There are 2 protein chains.
Amino acid sequence: MHESFNESTEMYLKTIRELSIDNDLIAISALARRLEVSTVSATEMVHRLEEHKLVEHTPYKGVQLTGIGCQHAAEIIRSHRLWERFLADHLNIPWARVHEVACRLEHATDTKLTEALDAFLGHPTRCPHGNPIPQAGGVLKTAVTTTLNTLKPGLTCEIIRIHPESALLLEYLASHDVKPGNQLHIDEIAPFNGPIMVTIGEKPHALGQEIATHIFVTVIGSDA
Amino acid sequence: MHESFNESTEMYLKTIRELSIDNDLIAISALARRLEVSTVSATEMVHRLEEHKLVEHTPYKGVQLTGIGCQHAAEIIRSHRLWERFLADHLNIPWARVHEVACRLEHATDTKLTEALDAFLGHPTRCPHGNPIPQAGGVLKTAVTTTLNTLKPGLTCEIIRIHPESALLLEYLASHDVKPGNQLHIDEIAPFNGPIMVTIGEKPHALGQEIATHIFVTVIGSDA
DNA sequence: GATATTTATAAGGTTTGCCTTATAATACCT
DNA sequence: AGGTATTATAAGGCAAACCTTATAAATATC
Ligand SMILES: [Mn+2]
Ligand SMILES: [Mn+2]
Ligand SMILES: [Mn+2]
Ligand SMILES: [Mn+2]
């Protein structure tokens, strides 16, 4: 049943699942970009994954996980987010750094270890960055949220989650108090796709449009 | 400073250190045997390690860790044994299984993680199998013990440590109550390198000569 | 000292996962 | 429908770790 795949394979599966928000087809180019490999390499790898029945590839359309592929991806993400909780809550490793550490540990973790960790942690539901932890069966419950870049000035929001995560992004966000649970007020949006001026806990910050697409919030109030 | 090496490199370093009890030269054949690779592969790898100044190889004599190599090996062993403690004490993973799980985690662990884990665990000194945990600086304190195969009938001992560890060995020992802390009485030794008949907690067990070389004990009494 | 064993090296091969450059096929857009 | 952009594939290469088979060199043993 639970065959273990190598790190590379697992990163592809995980990334495909993280990119497929609405179960749609993922362009190999998008995959290559996120994994920082050439499109040719990504194509080769997708073919290999296809042979192992982990993905389905429709040429010129994109890649999609199969049932097994999706299940395995969920297990890796589950293990990743549980490790993040452990690292942050019990080992006091900085919020911005747990992601990259967990990204290594996840590949050294089998199902038994994941479940033992889950029990130890008391079955948490979200990672330190607000993202939901898939259940043992692979089910993932994502809260209804909006990305910061779609909102208008005058709104007050609660930061819910950061997605997708990356070391540099989290480092930057940490230094600007952008963390789940914090309240954020949109003061102003500069023209020409300019920065979003916000206030988080009395302090003003300027956030770029691109970064704003990674910040998922819920609106909790308006100035008017 | 703390460059990270790949899993293969780390396993070679770790194995060399574990085999060098008295700082002597390790035969490449011994290394190959324990790592379950051909001697040719081990030789190639030793050459690569030599280029990286991690080992010194004296042809027809053996391999030895350099200062850096030895330090890095200690870090891996430290991380391994700390993980074992965590897995056994906090996640309730069976005594015989923590070794193989830790052998994967150790390669996904950097110094910061190791030290955070050490602090979380309260700076333990031994792994669940009784082996000493190297200190952060690499210093390793090994208790004075004897291997079971060198002792005579009539003696009562305390089991101190199992070394070196392997999944199959630990599985076998667990099923025979051979664990650190348990008392063992040597009832009889069969001739022609036959099994050692022992009693552990009222129950009799027969242990082979080869297995006995992995069981380190201290004598605590004699029948006479 | 001759022989057997151990150890080292040489030669050729495989797999995985990456790379670049170039070309072909398809999709998208006006 | 035509042109541009995207996507796929072909071709050739590289490095790390493995493998086997064969030979050479050193060491150990009688
Ligand atoms: Mn990862
Ligand atoms: Mn996270
Ligand atoms: Mn290992
Ligand atoms: Mn151990």
Side-chain angles (χ1 to χ4, degrees), chain A residues 3-17 19-20 24-65 68-69 72-73 76 103-104 106-108 166, chain B residues 3-17 19-20 24-65 68-69 72-73 76 103-104 106-108 166:
Chain A
E3 358 166 16
S4 190
F5 303 100
N6 61 28
E7 177 155 349
S8 199
T9 299
E10 292 189 338
M11 285 306 284
Y12 272 86
L13 293 180
K14 181 180 134 175
T15 306
I16 293 168
R17 171 128 187 191
L19 287 177
S20 41
D24 48 4
L25 293 166
I26 303 306
I28 288 185
S29 56
L31 199 53
R33 204 175 315 124
R34 171 125 317 128
L35 290 166
E36 297 180 276
V37 297
S38 73
T39 55
V40 180
S41 295
T43 304
E44 284 178 347
M45 190 61 173
V46 163
H47 289 339
R48 249 174 266 141
L49 295 176
E50 218 173 4
E51 283 163 23
H52 291 276
K53 309 276 183 205
L54 294 168
V55 304
E56 272 162 26
H57 178 222
T58 315
Y60 297 103
K61 297 296 176 183
V63 207
Q64 206 176 3
L65 292 170
I68 324 148
H72 195 72
I76 303 157
C103 193
R104 279 179 275 126
E106 64 191 357
H107 310 291
S166 77
Chain B
E3 359 167 16
S4 189
F5 303 100
N6 62 28
E7 177 157 346
S8 199
T9 299
E10 292 188 337
M11 284 307 284
Y12 272 85
L13 294 180
K14 182 180 132 175
T15 305
I16 294 169
R17 172 128 187 193
L19 286 177
S20 39
D24 48 5
L25 294 166
I26 303 308
I28 289 185
S29 56
L31 198 52
R33 205 174 315 124
R34 170 127 315 127
L35 289 166
E36 296 180 279
V37 296
S38 73
T39 54
V40 179
S41 294
T43 304
E44 283 176 350
M45 191 60 172
V46 163
H47 290 338
R48 248 173 266 139
L49 295 175
E50 216 172 6
E51 281 163 23
H52 290 275
K53 309 275 182 208
L54 295 168
V55 304
E56 273 162 24
H57 178 221
T58 315
Y60 297 102
K61 298 296 175 187
V63 207
Q64 206 175 5
L65 293 171
I68 324 146
H72 195 73
I76 303 156
C103 193
R104 278 179 274 126
E106 65 192 357
H107 310 290
S166 77

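Predicted, not measured: the structure shown is a model, and the values here were computed from it.
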Participant: Round to a whole Å and report the spacing from CD of Glu44(A) to C1' of dC14(D).
Facilitator: 13 Å
Participant: Can you measure Glu50(A) atom CD to dA8(D) atom C1' for me and round it to whole angstrom units?
Facilitator: 13 Å
Participant: Any side-chain N or O of Tyr12(B) below 4.0 angstrom from OP1/OP2 of dA16(D)?
Facilitator: no
Participant: Reckon Ser8(B) touches a base, only the sugar-phosphate, or nothing at all at heavy-atom distances under 4.0 Å?
Facilitator: sugar-phosphate
Participant: According to a strict under-4.0 Å criterion, is His47(B) in side-chain N/O contact with OP1 or OP2 of dT9(C)?
Facilitator: yes
Participant: Strictly below 4.0 Å: does Asn6(A) bring a side-chain N or O up to OP1 or OP2 of dT15(C)?
Facilitator: no
Participant: Would you name the heavy atoms of Ala32(A) and Thr39(A) that are closest together and state the gap between them?
Facilitator: CB-CA, 3.8 Å
Participant: Report the residue (Pro59(A) or Gly62(B)) whose heavy-atom-nearest nucleotide on DNA chain C is the more 5′ of the two.
Facilitator: Gly62(B)
Participant: Which one, dA27(C), dG17(C), dC19(D), comes nearest to the side chain of Val37(B)?
Facilitator: dC19(D)
Participant: To the nearest Å, how far apart are Ile28(A) CD1 and dT26(C) C1'?
Facilitator: 14 Å
Participant: Would you call the rings of His57(B) and His47(B) parallel, tilted or perpendicular, where under 30° means parallel and over 60° means perpendicular?
Facilitator: tilted
Participant: Side-chain N or O of Thr39(A) less than 4.0 angstrom from OP1 or OP2 on dT7(D)?
Facilitator: no
Participant: Which whole-number value in Å describes the distance from Glu36(B) CD to dC19(D) P?
Facilitator: 10 Å
Participant: Under the criterion side chain to side chain contact (heavy atoms under 4.5 Å, CB included), I'd like the reasoning laid out for Leu54(B) against Thr9(B): C-alpha separation, chi angles, the key distance, then a yes or no.
Facilitator: CA-CA 10 Å; Leu54(B) 295 168; Thr9(B) 299; 4.0 Å; yes
Participant: Take the protein atom CG of Leu31(A) and the nucleotide atom P of dG17(C), then report the distance between them rounded to whole Å.
Facilitator: 14 Å
Participant: As an exercise, state the distance from CZ of Arg33(A) to CD1 of Ile28(A), rounded to the nearest 0.5 Å.
Facilitator: 12.5 Å
Participant: Please test Cys103(A) against Met11(A) for side chain to side chain contact (heavy atoms under 4.5 Å, CB included), starting from the C-alpha separation and ending with a verdict.
Facilitator: CA-CA 9 Å; Cys103(A) 193; Met11(A) 285 306 284; 3.4 Å; yes
Participant: Strictly below 4.0 Å: does Tyr60(B) bring a side-chain N or O up to OP1 or OP2 of dT5(C)?
Facilitator: no
Participant: Give the rounded distance in Å between these two atoms: CZ of Phe5(B) and C1' of dA16(D).
Facilitator: 15 Å
Participant: Does dT16(C) have OP1 or OP2 under 4.0 Å away from a side-chain N or O of Arg48(A)?
Facilitator: no
Participant: Reckon Ser29(B) touches a base, only the sugar-phosphate, or nothing at all at heavy-atom distances under 4.0 Å?
Facilitator: sugar-phosphate
Participant: Atom CE of Met45(A) and atom P of dC18(C): how far apart are they, to the nearest Å?
Facilitator: 6 Å
Participant: To the nearest 0.5 angstrom, please state how far the CZ atom of Arg48(B) sits from the OG atom of Ser8(B).
Facilitator: 7.5 Å
Participant: Checking contacts here: which listed nucleotide (dA10(C), dC18(C), dC18(D)) is nearest the side-chain heavy atoms of Val40(B)?
Facilitator: dA10(C)
Participant: Which nucleotide sits closest to the side chain of His57(B): dT7(C), dA27(C), dA8(C)?
Facilitator: dA8(C)
Participant: CG of Leu35(B) versus P of dC19(D): gap in Å, rounded?
Facilitator: 10 Å
Participant: Using the side-chain heavy atoms of Thr43(B), tell me which of these nucleotides is nearest: dA8(D), dT9(C), dT7(C).
Facilitator: dT9(C)
